[in-house]
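Written out below as structure tokens is the structure these notes cover.
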Amino acid sequence: MQTWTIHVQGDPVRVHRVESYEDLELFKEFVRKNLRVLAFDTETTGLDIYSRGYRLRLVQFGNKNEAWVLPVELGGDYITVTIQTLMAVEKIVGKNLAFDFKVIDRCLGIPMEKLWPKAFDVEIQAKLIDPRDTLKGGIGVSLEDLVRHYLDPNLADNVKGLMSKIAKEYKTTKAKVFEKVDLNHPEYNIYAGMDTIFPARLEGIQNKLIPASAVQLIHFEHEIAEVCTYMDRGGFLLDLEYTQNLSMELHEDEEKYSEIAARFGCENVNSTDQVAEVLLSRGVVLKDRTPTGKLQVSKTILDKLVKENDEFAIAVQKAKKARKWRTTWVDGFLNNMDDNGRCHASINTLQARTGRMSITGIPAQTLPASDYTIRKCFVAEEGHSIVSVDYKGQELRVLAALSGDKTMIDAFKHDLNLHLLTAQAAFGEHVLKDTKEYKAGKITNFARVFGGGAKVVAEQTGLTFMQAKKVVEAFDKRYPGVTNYADKLAKLSERDGYITTYFGRRLPVDHSRAYSALNYMVQSSSRDVTCRGILRAYRAGFGPYMRLPVHDEILMSMPTARAEWGANEVARHMSETIGPVFIDTDAEVGRRSWGSLYSPDVD
DNA sequence: CAGGTTAGCACC
DNA sequence: AAACGGTGCTAACCTG
């Protein structure tokens, strides 16, 4: 056995590397004395847990003063003892346990279901204290950031530098070093061990700092994280043939249109500089500049030229779109696919400052919604249909409920059309649905939730600034409760530096942007409405059918024979009442592919 | 030249 | 007085 001593906050802490079955006996002795709680971490070959050849390399257990590193990659008793320890310990502390649990489930075959009930994640804790990363002025949420802020800045720098240093030693990149580094590498082992000591220490420090209003969220966030790891693990079935064909078609499109653009002197349509140059040479006036002073070639300008049948603009746009679609979506799915033809998302349940989730792997939140083509790549299981349940006007309903605006509450109570109501406030009671005025009402409703004003409304509607200003004024007059609420939140945020959401989450608000307090409140509370709904549906037994959460929606694959029933059940579980407002849900049953929800002609 | 930043374009 | 919130991904560009 090798033992290293490191100093943390003035204390000597020890990292033991288990090197023999005799050492393993000593480790077991340590475990026996620490069965109540152990900190836990893993080192693996990378982040793509479901890829071929993925391996677990080290497993670490520890407490505030001691860490033990087990070389499980060697197999044998190291694995057996790891499994025994994980099953026996009463509480597991870690940082982003969602990752380690998925790894353990995949590589050692311990179902996550066995581990989640005893999980305590210091990342969840950290995000309830301060959800911002350092770039946004926060403490940060990485282990390095937390160590720097709460424990020891020097140690944080060492942590940061370590893997880069080893990568240099191995003449490789940071991303690849994890599968290459020698299992016996001393520094690799030391820092693997430290990754249990740090969370063990952070837990106690952070525990005292969670706002009282947010304490109830600790358990809630663990449950949400749990359910989302089940979705990650299950994955989403890919229609391989369709996806491969689509990739080829997009590739052909890209080549065809790139060639046309090249004839105009633009070798690379993805270089904004080159496109700008050709446009200028063709007499197009470009006056907007980016913050760094470059000429801006916005989509609006290209769109306008395309409408005028400008051959170059058309080629640029089509080539760019084909490439974007292929590389970002279609080839991404094919690369991400596991041996069973499934893609696995990685859901970060507390990504945004507001608590909103983010989804990588399958970037479900950013897939084109105007078109079924990309979503058609994903299909329901054999004998299943795609089901989607979402909230009706979730953010506006939440806004009505939280602001207490009487007109808005009344509108939802009587199922009136809020966009029409705003349009009528601005342009008169004669305004009808699906008119230009109606659209302006809709845009204004959303702009106000986002904190936008007349300028934004003007840009998006095409109205003049003065006309847009009138619409915004009409909004504020028709929904005075909303305006008052926005002012109140802005003042609160200026006074305290944060606001507290309906569900008790504390959200920091920048002083220079107090107007965004309303949006944070609405966006964050809406996120929690969705999560509460997902949890109720999960507890009712619908977990196995869930595929992806998408903001105000849950996407599922359900046995076709019961899809209609199941969709309505989930919709019922997800609907929620906040004060005087019912946050209603919509259930939709599609056919075989996700794309079927986006077109009546798609299977 | 790896790694970080910027610009642009997807979504709610 | 007015104030556009949040995300991911790629390619190009910049930097040490």
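Remember, predicted model here, so these are calculated numbers, not experimental data. Below, all heavy atoms of this structure are taken into account, side chains as well, without hydrogens, waters or symmetry copies. Letters go in sequence order (proteins before strands), and every chain restarts at 1.
Of the residues listed (A:Val278, A:Val275, A:Ile260), the one engaging A:Val316 in a side chain to side chain contact (heavy atoms under 4.5 Å, CB included) is A:Val275, and it is the only one. Each of A:Glu255, A:Glu252, A:Glu254 was compared with A:Arg326 under the salt bridge (Lys or Arg N to Asp or Glu O under 4.0 Å) criterion, and only A:Glu254 meets it.
Contact annotation for A:Ala447: no contact, since no heavy-atom pair falls under 4.0 Å across all strands. Nucleic acid contact class of A:Ser164 (heavy atoms, under 4.0 Å, all strands): none.
A pairwise comparison of heavy atoms in A:Ala571 and A:Thr585 identifies O-OG1, 2.7 Å as the closest pair. When every heavy atom of A:Ala364 is checked against every heavy atom of A:Ile359, the shortest pair comes out as CB-CD1, 4.1 Å.
Within residues 353-365 of chain A, the residues that have a heavy atom under 4.0 Å from DNA chain B are, in order of number, A:Arg356, A:Gln365. Sorted by residue number, the members of residues 165-180 of chain A with any non-hydrogen atom under 4.0 Å from DNA chain B read A:Thr173, A:Lys174. Residues from residues 450-474 of chain A that place a heavy atom under 4.0 Å from any atom of DNA chain C, listed by number: A:Phe450, A:Gly451, A:Gly452, A:Gly453, A:Ala454, A:Lys455, A:Val456, A:Gln460, A:Lys469. Taking every heavy atom of residues 253-262 of chain A and every atom of DNA chain C, no pair lies under 4.0 Å. Of all the residues in residues 517-529 of chain A, A:Asn519, A:Tyr520, A:Gln523 reach under 4.0 Å from DNA chain C with at least one non-hydrogen atom.
A side-chain donor from one of A:Thr422 and A:Asn445 sits under 3.5 Å from a side-chain acceptor of the other. When only modelled atom types and interatomic distance are considered, A:Tyr391 and A:Arg397 share no side-chain donor-acceptor pair under 3.5 Å.
In the set B:dC11, C:dT7, B:dA10, the nucleotide with an atom closest to the side chain of A:Gln351 is C:dT7. For A:Tyr515, counting side-chain heavy atoms from C-beta on, the closest listed nucleotide (C:dG5, B:dC12, B:dA10) is C:dG5. Of the candidate nucleotides C:dT7, B:dC11, C:dA11, C:dT7 has the atom nearest to the side chain of A:Lys136. Among C:dC9, C:dT7, C:dG5, the nucleotide with an atom closest to any side-chain atom of A:Thr328 is C:dC9.
At distances below 3.5 Å, at least one donor-acceptor pair connects side-chain atoms of A:Asn335 with backbone N or O atoms of A:Asp331. A donor-acceptor contact shorter than 3.5 Å links the side chain of A:Asp130 to the backbone of A:Ile139. Side chain of A:Arg353 to backbone of A:Pro508: a donor-acceptor contact under 3.5 angstrom is found. Not a single donor-acceptor pair under 3.5 Å links the side chain of A:Arg527 to the backbone N or O of A:Met357. In this structure, A:Lys127 contributes its side chain and A:Leu350 its backbone to a donor-acceptor pair below 3.5 Å. Checking side-chain atoms of A:Ser557 against main-chain N and O of A:Ala380 turns up no donor-acceptor pair under 3.5 Å.
Contact check, A:Lys320 against B:dA7: no side-chain N or O comes under 4.0 Å of OP1 or OP2. Between A:Arg513 and the phosphate of C:dG5, there is a side-chain N or O to OP1/OP2 separation shorter than 4.0 Å.
Taking the six-membered ring where the residue is Trp, the centroids of A:His419 and A:Phe446 are separated by under 6.0 Å.
A:Asp239 pairs by the side-chain contact (heavy atoms from CB on, under 4.5 Å) definition with A:Glu241, A:Tyr242, A:Val379, A:Arg592, not counting sequence neighbours.
Between A:Asp371 and A:Lys321, none of the side-chain N atoms (NZ, or NE/NH1/NH2) sits under 4.0 Å from a carboxylate O, so this pair counts as no salt bridge.
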| said: As a quick check of understanding, evaluate side chain to side chain contact (heavy atoms under 4.5 Å, CB included) for A:Phe264 and A:Asp310, giving each step before the final call. | reply: CA-CA 12 Å; A:Phe264 287 89; A:Asp310 183 290; over 6 Å; no
